[in-house]
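Heads up: numbering here begins at 1 and tracks the sequence. Keep in mind it's a predicted model, so treat the numbers as computed, not measured. Just the heavy atoms: all of them, side chains too, but no hydrogens, waters or symmetry mates, feed the values below.
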Amino acid sequence: NCKGHADYCEDITGICINCRDDSAGDFCERCQDGYMLVPGVGGRHTCQPCACPLSILSNNFAVHCDRGLAGLRCKCQDGYAGHFCERCAPGYYGNPTAIGNSCKRCDCNGNSDPNLIFNECHNMTGHCQHCWGNTAGANCERCAPGFYGDAISAKDCRVNLCNISCDECIWQLIGDLRLSNKTLDQLKVGVLNISTGAAANDRLKYYNYTAHQLQVLALNWMKTCRGFFNTLSLDPILINIIKVFGLNRSVNHPVSCSDLRAGDANGFVQRAISAANVYNNIVKYINDAEITSLMTLNSSQRAEDVCSPLPLENLNVLVPELLDKLKVVEEKKPVNNVTTNIMRIRELIAQARSVARKVQVSMKFNGQSSVEVHPHSHLEELKTVTSISLFMRVDPDKDPIEDRFILYLGDRNGRKDYMGLAIKNDNLVYVYNLGGEDVEIPLGSKPVSQWPAVFNYIKVERLGRHGKVFLTIPSQSSTDEQKFIQKGEAPGTDSLFDIDPKDIVFFVGGVPPGVRLPPPLSLAPFVGCIELGSLNNDVISLYNFKQTNKMDVVASTPCPRYKLAFSQSRIASYLFDGTGYFGVVTRFDIAVRTVANNGVLFLMVSGEKFFLLELKNGFLRLMYNFGFSNGPKLLENNLPKLQINDARYHEVSVIYHQSKKVILLVDKSHVKSMENPKTTLPFSDIYIGGAPSSILKSRPELSAVVGLKGCVKGFQFQKKDFNLLEEPGTIGISSGCPEESFMSRKAYFNGESYLGSTAKISPFDHFEGGLNFRTVQPSGLLFYHSDESDEFSISLENGAVVLNNRGTRVKSHKKQYNDGRTHFLVASVNNQKYSLLVDDKDKQEKKRPSSATTSSTGSAVKTFYYGGSPSSSFKNFTGCISYAYINRQDRDIEPEDFQRYTEKVQTSLQDCPVQRPPAALLSRHRAKHGPPQKVKTGEPSEPNSDSCYISSSPRATPQAFHYGGIASSRQHYTNLPDSLSERSHFALSLKTNSSYGTIFYVSDAQEENFMALFLAHGKLVYTFNVAEQRVKIKSEKKYNDGSWHNVIFIRDGSKGRLIIDWLSVLEDGIPESNNSWHVSSPLYIGGVPPGRAQKNIQTNSAYSFTGCLKNIQLDGQWLSSIMETYGVTPCFEGVSEQGTYFSEEGGYITLDESFDLGLNFELVMEVRPRVASGVLMYVVVLVNDGTHEFFTKVSPRQGLCAGNWHRITVIRDNNVVQLNVGSEVNHVVGPLNTSSTDDRKPVFIGGVPDLVPVSIPTRKAYMGCMRNLTINNSPVSFKKALLVHGAVSVGTCPVA
C-alpha cells in the first residue's frame, strides 16, 4: 500500500522501502519537507514543490506547506518569514522572490545592539541598521563620524563632546532608545500571523523568550538608575486583554486558530487582534516618549542564550505596569519627550481599556469562582438610571437549579444602596435598595429550570424607584423567540442610587472571601456561563476585570455563543462609540446609521494630502486635496438628501472615476460630481469612523474632526466586503447595532428651544414625573402642559425648583440649584397632595386644595413640553435635561426618547456643554432687545473683567512655542555673544508635520555670512558659509512625523556637526581658512521676515515652518532675550479647531488699507472669547463723527464668555450704527455728519498697537478664537494680513 511511490515493502509490517517522487512516510503517504501533497485518483497522490515563495527548488524555502480554505500555508525555514516565505526574517537579508536569491545572516562584526535578539540589518541590502558602540558603516566596520578607535578588534570607538553635559543615567537611556520598539513590533507581527498550531507554538517560544529578556532588562535598569525612579510601584493594566485569547498558555499547549475560534465563532479572534493592535500602539508610543528605554539597559543575554521560557503574561505586565505611574516619571525629572507625550500615552491606555470592555466572550463559573469588573466610568449617570444587560447560560439537566448569586453592583461592604441579580426559588430575581427597604422583583413567568441550555438574554433596569427585569429566550428549532418582563418599584420616595465612587464594586458570579453581601444576595456562587453585554448602554466585558478569584479561562473554556441567535443581531453591523476607527485604497460603499450631528465616515491622509467624507451638522460634507494648486475641493450643501442623521440606514458611495472625477451617491442616487486634475489616489490607508489623534493633528483642516457615534454595515472597497473587526488597526468598535444607541435621553436647551410631544397623561389629577437637570441660569421652564386656562409646570425660579398645578405652588427649600451640577427631581400629584423631591433630600408637599376639580378631559392624549413652550409666559430653560420620565397611561415608565418627539425647536440631542457657572453669568443682569440709546458723550465705562467659563490659559507644553499659520511667523532674539563668530553650540527640541520651512536663521546685514537650520522634504538641513563656500549637512531620515526630536547643531570654525536624538551624528566641513565670520542681531527662530534668507535657503523653505520648538539653548544657556514676536503662540495640546487664536500674551493683526470702512459698511465675525473685556476690532467698537464718540452695546442673556461661539454683526448706515449679537440687537443714532475723509485706514483686529492713540473703554487685547470675518460681504484672510504681531495663531485655535 505505497500509493504507487515504491516498488517494495517489508513482508511483515508492510512499511514501504525507498519512497520516491518526493514522498515520505511508512507508506509514502506524505511528502518530503518542501513539498505539498496533491490528492489524485484512486487514493494516489503527487508531491509538488511548495510555492514558498516560488515552486522551483532554488526558491522553495518551506519546511512544509499545505493548502487550506484560505489558500496556501507555508511553514518557513529559519531565516524566512511571511505567509509564503517571501521575505527575510529579522537578522537576515536578501530577496527570496528573485530566482537564485536567498536569505543570508546579517554580519555586523559583532557591533550590533547587544540588547537586540537578532543582528538587525536592512532586509534587502544587508546594511546594518543598529550599529552599537559608536560604530558605523554597512557592516559596522568603522567608528562613527566624530568618534575614533578600533571598531573590529579592540571595539573601543570613543567620542569627545566636552561641551555636552548630561546626566549619565539619561545618556544611558538614550543610548538604548530603540530596543523595545523592534522587539515588540515583531510580537505584533507574530500575533497577527498565527495560522497553525505549530506556527503558534514557535511564536509562543519567541514571545516567552522576549518576556524573559525584558524582565532581565527591567531589573538591570532598576539597579543602574534606581535613584531616578525609586518610587515606581506596579499596577497591571493590560494583562486582562492578553488572557482573553489564551496566549498565556504554556508552550507545551500550542494555540491554534481552531482553539481560538471554538470559544466564539463570530468575534473571539477579532477582539484578540484588536487587543494586539492597541497594545502595539502603546508600546510604539512609549518608545517615542523614551519610556521603553527604562527596560533596555545592561542586557548580557542573547537569543541563543535562552534558558527556560516564561509565560507570555510577564511580557504583558512589564510595560503596562509602568504606564499608570508615568506621573512619577514626569515629577521626578522631565526627561525629553515624557512630559509632552504623557497625554497621548493616556489616550492609548484608554483605547486598550476600550478594547478590554468590548471582548464579547463569556466566562465559565464553577461554583467557586468570581470576577470583579471595572465599573462604569461615568458613575454620576448611574444615580438616576441604571441598566445592566448580560447573556447567561445554565444547564438544568447537568447542574440542578439551586439558589445562586449572579451579580452585585454597590457598596463594597454591602451596607448602602445596591442592585443585584440572583436565582431564588427557581426564579430569576432582580434585587435593589435605594436606602430604604429591599426590593425583590421575581420573574415567575418562566422558571429557570425550564430555560433551554443556551445563552439567554437578561436585562435589568432601574429608573428612579421603578425597576424592571427582562428575559429573552432565543428561538429554538420548534419555538419562536420568547420574551418575558416583570416590573416593581421601591417603597417611599428615595429615587437615587447613592454610591461612593471610592467604594463601589461590581462582582459577577460570586464574591472573594471576606466580602459580605446584603442578605437577599448572600447565596452560593453561580454555576454556568455569563457574558456581560452593557452597563447603561455602554458595552462592558468580564475581561475588563480588576481581579478574578479561582477563575481559569484556560482550564474552564468559555461557552460558545451563537451571536446570531437573537433576531436583533442578524445583520452584520458595527457600533462605533465615538472614539473608534478602522484603518486598511475606485469605489467605497458603506451604510451608516446615526443620530449624531458630526462624525467621520471615510478619511485618508498622506502628508499634506487628504480625503475626508464626514457628517457636519447632520449633512454629508466632502473635502479633499490631492496636491491641487488651487487648494482643497469642498462639497458642502444643505440639500435634504445629504442629511442622514435620522436614525435610519443610508447607503453612501464614493467613486473615483478615471483618476479625475469624484462622484458621491446617497441611497444609490447621484448627488454630486466634482472634476479634478488627473491624479492617482496618493493613499494607502482608509480610516472608517474616526482616526488616531496623531493623524487628525497632521492637517489643520482635520483638527475639528470628531469620531462617528453610530452604526455602519456593508463596507466595501472595489465591491469587496470587509469585516471591520478582523482588520488590524480597529479600535473602539463592537459588533451589532443596539437600538439604545439611537435613543436620545439627553437634550441641551439654549434659552429659545423646547421639545414637544403627546401622551395619555393626567397631570392635574394623577401624575409622577422625574428628570435630571443641569444649568447655571437662575430661571427656566423644565416641564409644561396647559389646558385652556389651566397650567401645570415644573420650573426653576431664582435657583429654586417650583411645581405649579393650577396656581398651587410647591417650592423647594434650597435655592441654589443653578450651580452647574446635575440634580434629580421627582414631582407627583394624587388625590391627597402635591409633592416635590429634589436629590432625595429636599422634600416639600402641599395638600390638594378642596376646590380642585377633576380634569374633564381625563386620560385623553395631551401635548406637553420640556425646556420651554411656544406659548408659556415662563422663560425657556438654558441647560441640560436628561433621563426624564412621566407616568404615561399607555406605556410603562421608562426614560423619554427625545429623538421621537414631534417638536424639536433649536434643541441639541448630542451634547450638554454646561458644566459650571461662569462668574460672568452670575454677576450681570442681562436685558433682551434694549431700547435705542441716545448719543452719549465722553468715555464709556470700563467693562467688567469677570472670569470666563473656558480658561484663558489652554493646556500647553511648558516653555514651548508654536510657529506657522503665516509665511513669516517668527521670534527675534537679541544679545548674541561675541563667541558666536568662532564657534556655537545650539540645541532645541522640534515637533512638526511640515515638509519645508525655516527653523533657525542668523546672518550679517548683507547676508554674506549666515547660518541656518531648515526643513526640506521632511529632512533637516544645517548649513553655514565659510567665505565663498558652504557647509551643508542633511539628515538621512525624515523628522516631520509629529513627534518631539532633539536637535543639536554645532559650528566650530569651518566644521559643522548635526546630532539628532543623540543617536544620529552627521558632520561635514571644509579646510581651515583665515577668513573671518561675523553675524549680527537679531537671530530668527521659526521663520524669517518677508524677503529675508532668499539667497541662502532654497525658495520653498525660506518661510516659517509649522510646528513647535522648545528648550532652545545656545552654549548650554537658555535663549530668553526675545525682542519681537510675530504669529507665535504657546504650543497648545489637545483638540484644535479652525479659526485664529489670540493668546493671553497679547497680539493683534493689521489688515491692509483696501477695506472701505466709511459711512456705510457691514462687518460680520464669529468669536469664542476667553476674556470678558477686549478689543475685537478698532474703528468698529466706536465710530467717530469728528466731534463726538458715540456707542451702542448688547448684553446677551447668556453672555459672550460662556464658552460658545457667537456671531457679531456691525452695520453702519451714515449716522446709524446697529450691533447684532446672535439674535439680540441694539442700535444708536448719532449726529448727522455727511463728511467722511480718508476712510481707507489700517484696521486692527484683536488689539491696538501702543502707539495708536485711542479713547475706547478698554485697550485690553482680545483673548480667544475668531473666525469667518467678512467686511462688506468680502471674506478677510488673516494669512494675507499686512502684519500679524505678537501671540496670534492664524488657522487653528485650542478647543479646551
Q: Under the salt bridge (charged side-chain N to carboxylate O under 4.0 Å, His left out) rule, collect the residues that match up with Arg809, sequence neighbours excluded.
A: Glu797

Q: Show your working on side chain to side chain contact (heavy atoms under 4.5 Å, CB included) between Tyr457 and Leu471 and close with a plain yes or no.
A: CA-CA 6 Å; Tyr457 177 72; Leu471 169 67; over 6 Å; no

Q.
Going by the rule ring pair (Phe, Tyr, Trp, His ring centres under 6.0 Å), which residues pair with Tyr418 if we only count those two or more places apart in sequence or in a different chain?
A. Tyr408

Q.
Could you check whether any side-chain heavy atom of Val429 comes within less than 4.5 Å of a side-chain heavy atom of Leu421, counting everything from C-beta outward?
A. no

Q: Go through Gln1218 and Val1210 one step at a time and tell me if the side chain to side chain contact (heavy atoms under 4.5 Å, CB included) criterion holds.
A: CA-CA 6 Å; Gln1218 178 174 309; Val1210 178; over 6 Å; no

Q.
Less than 3.5 Å apart, any donor N or O on the side chain of Tyr901 or Glu896 sitting next to an acceptor on the other?
A. yes

**Q.** Rounded distance [0.5 Å steps], CG in Leu836 versus CG in Leu825
**A.** 6.5 Å

Q: Heavy atoms only: give me the nearest Leu521-Leu407 pair and the separation to one decimal.
A: CD1-O, 4.3 Å

Q: Evaluate the criterion side chain to side chain contact (heavy atoms under 4.5 Å, CB included) for residue pair Asn617 and Asn598; output intermediate values, then yes/no.
A: CA-CA 6 Å; Asn617 298 320; Asn598 303 300; 4.1 Å; yes

Q. Which residues satisfy the side-chain contact (heavy atoms from CB on, under 4.5 Å) test with Thr386, sequence neighbours excluded?
A. Leu382, Leu409, Met419, Arg462, Phe497, Asn536

Q: List for me each residue that meets salt bridge (charged side-chain N to carboxylate O under 4.0 Å, His left out) alongside Glu437, sequence neighbours excluded, and say none if there are none.
A: none

Q | Side chains of Asn818 and Gln777, donor plus acceptor under 3.5 Å | A | no

(Q) Hydrogens and angles aside, do Tyr784 and Glu791 bring a side-chain donor and acceptor to less than 3.5 Å of each other? (A) yes

**Q.** Distance (rounded to the nearest 0.5 Å) between Thr384 OG1 and Asn772 CG
**A.** 3.0 Å

Q: Report the residues that fulfil salt bridge (charged side-chain N to carboxylate O under 4.0 Å, His left out) with Lys487, sequence neighbours left out, ordered by chain and then residue number.
A: Asp892

(Q) Under a 4.0 Å threshold between the charged nitrogen and the carboxylate oxygen, would Arg848 count as salt-bridged to Asp765? (A) yes

(Q) Would you say the ring centers of Tyr754 and Phe783 fall short of 6.0 Å from each other? (A) no

Q: Can you sort out the partners of Lys383 under salt bridge (charged side-chain N to carboxylate O under 4.0 Å, His left out), two or more places apart, ordered by chain and number?
A: Glu380

Q. Does any donor atom in the side chain of Glu903 or Ser757 lie under 3.5 Å from an acceptor atom in the other side chain?
A. no

Q | All side-chain contact (heavy atoms from CB on, under 4.5 Å) counterparts of Ser744, not counting sequence neighbours | A | Asp897, Phe898, Gln899, Leu909

Q: Side-chain contact test, heavy atoms from C-beta onward, threshold under 4.5 Å: evaluate it for Leu434 versus Leu496 and give yes or no.
A: no

Q) Considering residues at least two apart in sequence or located in another chain, which fulfil the ring pair (Phe, Tyr, Trp, His ring centres under 6.0 Å) criterion with Phe877? A) none

**Q.** Separation of Lys641 NZ from Phe619 CZ (nearest 0.5 Å)
**A.** 13.0 Å

(Q) Within this structure, what is the CD1-CZ distance for the pair Ile886 and Arg891, rounded to the nearest 0.5 Å? (A) 8.5 Å

**Q.** Any donor-acceptor pair under 3.5 Å from Ser387 side chain to Glu461 backbone
**A.** no

Q: Output every pair passing salt bridge (charged side-chain N to carboxylate O under 4.0 Å, His left out) with a member in residues 830-842, not counting sequence neighbours, ordered by first then second residue.
A: Lys833-Glu845

**Q.** With Gln486 via side-chain contact (heavy atoms from CB on, under 4.5 Å) - residues at least two apart
**A.** Ile441, Leu443, Val469

Q) Sequence neighbours excluded, which residues qualify as ring pair (Phe, Tyr, Trp, His ring centres under 6.0 Å) partners of Tyr817? A) His823

Q. Can you find a pair of side-chain heavy atoms, one from Phe749 and one from Asn876, that are under 4.5 Å apart?
A. no

Q. Does a donor on one side chain sit under 3.5 Å from an acceptor on the other, for Thr758 and Thr863?
A. no

**Q.** Donor on one side chain, acceptor on other, His466 and Glu768, under 3.5 Å
**A.** yes

Q) Mind checking whether Tyr883 and Tyr885 have ring centres under 6.0 Å apart? A) no

Q: Report yes or no: does Asn427 contribute a side-chain atom to a donor-acceptor pair with the main-chain N or O of Pro442 at less than 3.5 Å?
A: no

Q: Working to the nearest 0.5 Å, report the span between CD of Glu894 and CZ of Arg745.
A: 6.5 Å

Q: Calculate, to the nearest 0.5 Å, the distance between atoms NE2 and CD1 belonging to His785 and Ile761 respectively.
A: 6.0 Å

Review item, side-chain donor-acceptor pairs of residues 865-872, under 3.5 Å, at least two apart:
{"from": "Ser869", "atom 1": "OG", "to": "Ser871", "atom 2": "N", "distance (Å)": "3.2"}
{"from": "Ser869", "atom 1": "OG", "to": "Ser872", "atom 2": "N", "distance (Å)": "2.7"}
{"from": "Ser872", "atom 1": "OG", "to": "Phe874", "atom 2": "N", "distance (Å)": "2.9"}

